Amino acid sequence: MTREENYHDWLRDAHGMEKQAESMLEAMAKRIDNYPVLQNKIESHLAETREQIVLLEGLIDQCGISRSVLKDTMGKMAAMGQAVGGVFNSDEVVKGAIGGYVFEQFEIACYTSLIRTAEELGDVNGVQVLQKILAQEIEMAEWMLQHVPEVTTEFLARSSAPGVEAKK
């Protein structure tokens, strides 16, 4: 595979990854009832994710490549599986916060690789777009890492109080 073919494939992967993130964030935002700070951040990042999808679609179109419906569909199915699986966990909100942080780290690594590839191919616009997305993913990862302890503390307090729902 050529560098350009890899780049195109990885752009399609990133698009599928963001479609998966969109599905996961939508599900998480709908299910959070008792953690307003987390819910607000999830909704904010959902808006960023939707913008990222549009930006990636622009890059894909600029490169003249087709989008992968299969990758998008598989990403959405994986996100649905994760969302449904969380329903059965009594500590759903804590696992969701941890999983969100891990997913952000995966995105950071993917965009870091994509930026290097765009640089090597001389795709100046691609580098700028991907750096913008990377900065948003880094900010979200840092926020999640800083707030996992707070979510955990809130969960522990709620779960030990009689008659108080803690999981979401």
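What you see is a predicted model; the values in this text were computed from it and never measured.
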Side-chain contact test, heavy atoms from C-beta onward, threshold under 4.5 Å: evaluate it for [X] versus [Y] and give yes or no.
{"X": "L38", "Y": "W143", "answer": "yes"}
{"X": "E120", "Y": "R116", "answer": "yes"}
{"X": "S113", "Y": "W10", "answer": "yes"}
{"X": "Q39", "Y": "R31", "answer": "no"}

Do [X] and [Y] have side-chain N/O donor and acceptor atoms under 3.5 Å apart?
{"X": "E22", "Y": "Q52", "answer": "no"}
{"X": "H45", "Y": "E48", "answer": "yes"}
{"X": "D123", "Y": "Q62", "answer": "yes"}

If you round to the nearest 0.5 Å, how far is [atom2] of [Y] from [atom1] of [X]?
{"X": "T117", "Y": "L11", "atom1": "OG1", "atom2": "CG", "result": "9.0 Å"}
{"X": "M140", "Y": "Q105", "atom1": "CE", "atom2": "CD", "result": "12.0 Å"}
{"X": "I42", "Y": "M28", "atom1": "CD1", "atom2": "CE", "result": "4.5 Å"}
{"X": "L56", "Y": "E51", "atom1": "CG", "atom2": "CD", "result": "10.5 Å"}
{"X": "H147", "Y": "E142", "atom1": "NE2", "atom2": "CD", "result": "12.0 Å"}
{"X": "L46", "Y": "K41", "atom1": "CG", "atom2": "NZ", "result": "12.5 Å"}

I'd like to know if [Y] and [X] are part of one continuous hydrophobic network [Ile/Leu/Val/Met/Phe/Trp/Tyr, side-chain heavy atoms within less than 4.5 Å].
{"X": "I53", "Y": "I115", "value": "no"}
{"X": "I108", "Y": "L114", "value": "yes"}
{"X": "V94", "Y": "I32", "value": "yes"}
{"X": "M144", "Y": "F155", "value": "yes"}

Could you give me the CA-CA distance, side-chain angles and deciding distance for T2 and N6, then say whether side-chain contact (heavy atoms from CB on, under 4.5 Å) is met? CA-CA 6 Å; T2 67; N6 280 312; over 6 Å; no
Salt bridge (Lys or Arg N to Asp or Glu O under 4.0 Å) assessment of E26 paired with R50: CA-CA 11 Å; E26 282 175 348; R50 288 180 173 142; 2.5 Å; yes
Test side-chain contact (heavy atoms from CB on, under 4.5 Å) applied to Q136 and K132, step by step: CA-CA 7 Å; Q136 292 172 337; K132 177 181 180 176; 4.0 Å; yes
Is there a donor-acceptor contact under 3.5 Å from the side chain of T152 to the main chain of V148?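 Pair found, side chain donor or acceptor close to backbone of V148.
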Parallel, tilted or perpendicular: which describes the rings of F106 and F103, with under 30° parallel and over 60° perpendicular?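 Taking F103 first and then F106, their aromatic rings sit tilted (interplane angle of 30° to 60°).
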Taking all heavy atoms of A118 and all of G126, pick out the closest pair and write down the distance.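 Closest heavy-atom pair between A118 and G126: CB-C, 4.3 Å.
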Atom of A29, atom of E43 and distance for their closest heavy-atom approach: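 A29 and E43 have their closest heavy atoms at CB-CG, 3.9 Å.
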Please evaluate residues L55 and L130 with respect to the criterion side-chain contact (heavy atoms from CB on, under 4.5 Å), reporting the C-alpha separation (whole Å), side-chain torsions for both, the decisive distance (0.1 Å), and the verdict. CA-CA 9 Å; L55 291 171; L130 296 167; over 6 Å; no
